[in-house]
Amino acid sequence: MVQIQYKEGEMAHGIIRWMGNIPHMEGTMVGVELDEDKGCTDGNLQNHQYFVCPPKRGLFVKLRACRPDTRFLISRDAEPKPLAHQTHNREDGAKVTEKIPPLQGSAAVDVLLGRMKGIQGHCNSCYMDAALFSLFSCSSVLDSLLFKPSSCLPDGHIQRILRENIVYPLRKTGFVSANSVMMLRQQLMEESQCPSFTTSEKDPEEFLNLIMHRILGMEPLLKLQCEGQKVQDCYCYQIFIEQQSAVTVPTVQQLLEYSFHHSNLKLAEIPSCFIIQTPRFGKEYKMFSKIIPSLELDITDLLQDSPRECVVCGDLATQECRECFKNIILSDSGFKQYCDVCAKQVHLHQSRTSHKLSPLRVPVGFKQEKDKRPPPIPRETLELFGVLCIETSHYVSFVKYSPEKGSWMFFDSMADRYGSVDGYNIPEVTLCPEVATYLAAPVKDLSSQNPRDMKGVAKRLFCDAYMYMYQSKRMALYK
């Protein structure tokens, strides 16, 4: 990982993907894949493909022009240096035993905003720092992880570290030292028998599955059912869609509907927390250059045996047609369900006469009686509260700290660094109200928007999202 003087006063960061000699060029050359579109190639130079990267991300420079990336001065698999001098002598990250609720509104700004705020990164911990900050700083949806009776837990000490050394200090003082996170990482290393938990970068879902399922024994967040099969449990949902999708700049709502339709899945029950991973093609390439975060996720049509509206007239639906899914003339939503009358009329059209409709189970309380107005059909929605993003192996997060549109904050556990190898990382939390402006923009405008022209950190939310976190405050009362 290196940094290069891009312009006067501006650095470009990236990863060396190739090193060697190039004809007619003196000295050792390197091919660098940059974090942003500041390059001029996709790894091709003089009609020779030296390495592969997205367009405008590649750059060829002399090796001597590269300097170690100051954000990652410790090698990925090296044993971590002692943390004695890496917490800036702060006592804010000390153990807190009193119950502290999540931060909201002005309280979140007062406590969390600034440099040396958030969770301090150390030795490839950014995946864990970003996940913990997103889940616990301003939301209580997974606080059950903190309070499960210790008599039920073989690993109650891990729960105490999570609660009293990380979550409560974060909510009380706005700072968690790298020492506290290392305590958790060491315990995870012992319990999982994976020695790299204290040194190497992991995927956030690997960390979440380990701590929720194997260690704290939490009930699965999601119950998914494929037609004719048993209910399957999981904690995170990975979106799977066809590589050649007709949508170029999709919303999370569209991607989730496409994925459920592609896999013929339904939700067996309403989740209190829905963690969604973005679709990927291979290990490095994103399927979409931009994804629009859906602030509200409507899961009504994704639920098994739940009352649904006819997409034509709005009455209670009794039949569903999978083959009408991509028909945008009938409705903007992906799933198409109809009442008996509309189902017959819609499928009189010659292009739809061969469609096969499936009957929907209508709950007893919603069956329409003659001469009586049917009860209103409820919409089940979840709200977005956090987004994890990744760029060149470094995770950061966005958190919504208030219901107001512009209430977004950006967290980076390694935003800056003091000193070199024996120094310490400086975490930082900043406000990013500019995000709301782009979220409110028409899809057409976002499609043509050049990411480099986006203000502040908005580009990272739209172009680098890795994981979306949604919550149902109503269901969180029961789960």
Side-chain angles (χ1 to χ4, degrees), residues 1 3 13 35 69-76 78 80-81 83 85-90 92-93 103 108 111-139 161-162 165-186 188 197-208 211 386-399 401 408-421 423-432 457 460-461 464-467 469:
M1 295 182 180
Q3 60 187 34
H13 299 85
D35 291 1
D69 191 330
T70 55
R71 299 174 300 175
F72 309 96
L73 286 176
I74 299 174
S75 63
R76 177 168 295 187
K81 297 282 184 180
L83 293 173
H85 302 293
Q86 300 205 20
T87 58
H88 201 45
N89 296 321
R90 292 190 57 157
D92 315 28
L103 298 162
V111 175
L112 294 171
L113 189 63
R115 283 171 64 84
M116 215 62 188
K117 287 288 188 176
I119 302 174
Q120 186 181 36
H122 174 66
C123 196
N124 303 304
S125 68
C126 59
Y127 72 96
M128 189 179 294
D129 308 328
L132 291 172
F133 186 88
S134 298
L135 288 171
F136 294 108
S137 60
C138 301
S139 173
I161 292 172
L162 179 63
N165 293 85
I166 296 176
V167 177
Y168 285 174
L170 177 65
R171 293 174 177 177
K172 183 176 182 178
T173 68
F175 176 76
V176 177
S177 71
N179 283 306
S180 297
V181 179
M182 184 56 73
M183 288 172 59
L184 178 62
R185 295 173 77 183
Q186 288 170 341
L188 294 177
F197 250 108
T198 57
T199 58
S200 299
E201 183 181 296
K202 304 286 184 183
D203 293 325
E205 64 271 21
E206 181 181 356
F207 160 61
L208 294 175
I211 197 165
V387 182
L388 263 66
C389 301
I390 182 173
E391 187 177 53
T392 319
S393 302
H394 182 58
Y395 289 92
V396 295
S397 67
F398 290 83
V399 169
Y401 63 88
W408 286 91
M409 55 177 53
F410 174 74
F411 165 64
D412 187 347
S413 65
M414 302 177 183
D416 202 353
R417 187 171 178 85
Y418 178 83
S420 56
V421 176
Y424 55 84
N425 289 314
I426 299 174
E428 185 174 17
V429 179
T430 57
L431 299 183
C432 49
V457 292
R460 306 195 72 172
L461 178 65
D464 302 324
Y466 182 85
M467 182 178 281
M469 299 176 175

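All heavy atoms count here, side chains included; hydrogens, waters and symmetry mates do not.
Val396 pairs in a side-chain contact (heavy atoms from CB on, under 4.5 Å) with only one of the listed residues (Asp412, Leu388, Ile390), which is Asp412.
When atom types are taken as modelled, the side chain of Gln120 and the backbone of Ala178 share a donor-acceptor pair closer than 3.5 angstrom. A donor-acceptor pair under 3.5 Å is formed between the side chain of Asn425 and the backbone N or O of Gly121. Of the possible donor and acceptor atoms, one in the side chain of Lys117 sits under 3.5 Å from a partner among the backbone N and O of Val111. The closest donor-acceptor contact from the side chain of Thr173 to the backbone of Pro169 lies under 3.5 Å. In this structure, Ser137 contributes its side chain and Ser134 its backbone to no donor-acceptor pair below 3.5 Å. Side-chain atoms of Arg185 come within 3.5 Å of backbone atoms of Phe197 as a donor-acceptor pair (strictly under, hydrogens ignored).
By the 6.0 Å contact criterion, NZ on Lys172 is open, its count of non-hydrogen atoms from other residues, nucleotides or ligands being 12 or less.
A salt bridge links Glu391 to Arg460: one of the charged nitrogens lies within less than 4.0 Å of a carboxylate oxygen.
A perpendicular orientation is assigned to the rings of Phe398 and Trp408, their planes being inclined by more than 60° (bins at 30° and 60°). Relative ring orientation between Tyr127 and Tyr395 is described as perpendicular, the plane-to-plane angle rising above 60° on a 0-90° scale split at 30° and 60°.
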Next on the checklist: Show, in sequence, the C-alpha distance, side-chain angles and deciding distance for Val387 and Leu461, and conclude whether the side chain to side chain contact (heavy atoms under 4.5 Å, CB included) test is met.
Outcome noted: CA-CA 7 Å; Val387 182; Leu461 178 65; 3.8 Å; yes
Item to check | Test side chain to side chain contact (heavy atoms under 4.5 Å, CB included) applied to Met183 and Asn165, step by step | outcome: CA-CA 9 Å; Met183 288 172 59; Asn165 293 85; 4.0 Å; yes
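For the residue pair Ser413 / Asp129, a side-chain donor-acceptor distance below 3.5 Å is found, with atom types taken as modelled.
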